[in-house]
2 protein chains.
Amino acid sequence: MDIRKQVGLNVQRVRRTRGWSQEELAFQSGLHRTYISGIERGTRNPTVTVLKELADALAVPPRTLLDLGSPSGG
Amino acid sequence: MDIRKQVGLNVQRVRRTRGWSQEELAFQSGLHRTYISGIERGTRNPTVTVLKELADALAVPPRTLLDLGSPSGG
DNA sequence: TTGTGACTCTTAGTCCGTG
DNA sequence: TCACGGACTAAGAGTCACA
């Protein structure tokens, strides 16, 4: 499994547990809407600082977005 | 704690448990020695794919390099 | 054995628009 | 509400000479 794909899946999963649109997550994280889209589709290769910003916005530990297991973002 | 600093500390810690020099890790990961140096000092902002290559070379799960806790690398 | 500034090339990340 | 492409600016990837 490509790590980018894994990150994308995790971001999307946690985002949906929040009931957020991509645009809402973009607003919360300070990143751009189309960039969030690219990350979730696994076509972008985010840096660790972006990973952190995403994790902060989603209120989960950064490692959650790298893991295969169940995200703790209930 | 800056996430880049945290990654650097973790890379360095795991590398040393392997008894490897930066040059050895550079060889194992296919990255440049000076680039490893920059990451360990927290002056570089690696992407998730680089994080994965490092984790692979060090034989630890990628999330290990983001965590604050004790690395599981040996 | 590692730190560092500077460099080239590629890509991260933004913004606009279409379907 | 989201996927996707083009164009753009800032920054990361990757390398070297020197200390």
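Letters A, B, ... are given to chains in the order of the sequence lines, protein chains preceding strands, and every chain is numbered from 1.
Between Gln22(B) atom CD and dT2(C) atom C1' the separation is 5 Å, expressed in whole Å. Rounded to whole Å, atom P of dT1(C) lies 18 Å from atom CZ of Arg41(B). Rounded to whole Å, atom C1' of dA13(D) lies 10 Å from atom CD1 of Ile39(B). Straight-line distance from the CD atom of Glu53(A) to the C1' atom of dA11(D): 13 Å, rounded to whole Å. Rounded to a whole Å, the CG atom of Leu31(B) is 12 Å from the C1' atom of dT15(D). With rounding to whole Å, Glu24(A) atom CD is found 13 Å from dT1(D) atom C1'. At whole-Å resolution of the value, NE2 in His32(B) and P in dT2(C) are 13 Å apart. Put simply, CZ on Arg4(A) is 14 Å from C1' on dA13(D), counting in whole angstrom units.
Taking the side chain of Thr34(A) as heavy atoms from C-beta on, and the options dC15(C), dA12(C), dC16(D), the nearest nucleotide is dC15(C). Each of dT14(C), dA13(D), dG14(D) was ranked by its minimum atom distance to the side chain of Pro46(B); first place goes to dA13(D). Listed nucleotides dA13(D), dG3(C), dA3(D) differ in distance to Ser37(A); the shortest reach to its side chain belongs to dA3(D). When distances are taken from the side chain of Tyr35(A) to each of dG3(C), dG13(C), dG12(D), the shortest belongs to dG13(C).
Along DNA chain D, the nucleotide nearest to Arg33(B) and the one nearest to Val50(B) differ in position, and the one closer to the 5' end is contacted by Val50(B). Map Arg44(B) and Ile36(B) each onto its nearest nucleotide of DNA chain C; the residue landing nearer the 5' end is Ile36(B).
Taking 4.5 Å as the limit, every side-chain heavy atom of Val48(B) sits out of range of all side-chain heavy atoms of Leu65(A). Between Gln12(B) and Arg15(B) the shortest side-chain heavy-atom distance falls below 4.5 Å. Residues Ile3(A) and Leu51(B) have side chains not in contact (no heavy-atom distance under 4.5 Å, counting atoms from C-beta outward). Side chains of Leu66(B) and Asn10(B) form no contact here, defined as non-hydrogen atoms less than 4.5 Å apart.
In this structure, dA12(C) and dT9(D) make a Watson-Crick or G-U wobble pair, each of the two defining distances being under 3.5 angstrom.
Nucleic acid contact class of Arg16(B) (heavy atoms, under 4.0 Å, all strands): none.
Between Pro62(A) and Ala55(A) the shortest heavy-atom distance is CA-CB, 3.6 Å.
For the pair Thr47(A) and dG13(C), the criterion of a side-chain N or O lying under 4.0 Å from OP1 or OP2 is met. Taking side-chain N and O atoms only, Asn45(A) has no distance below 4.0 Å to OP1 or OP2 of dT11(C).
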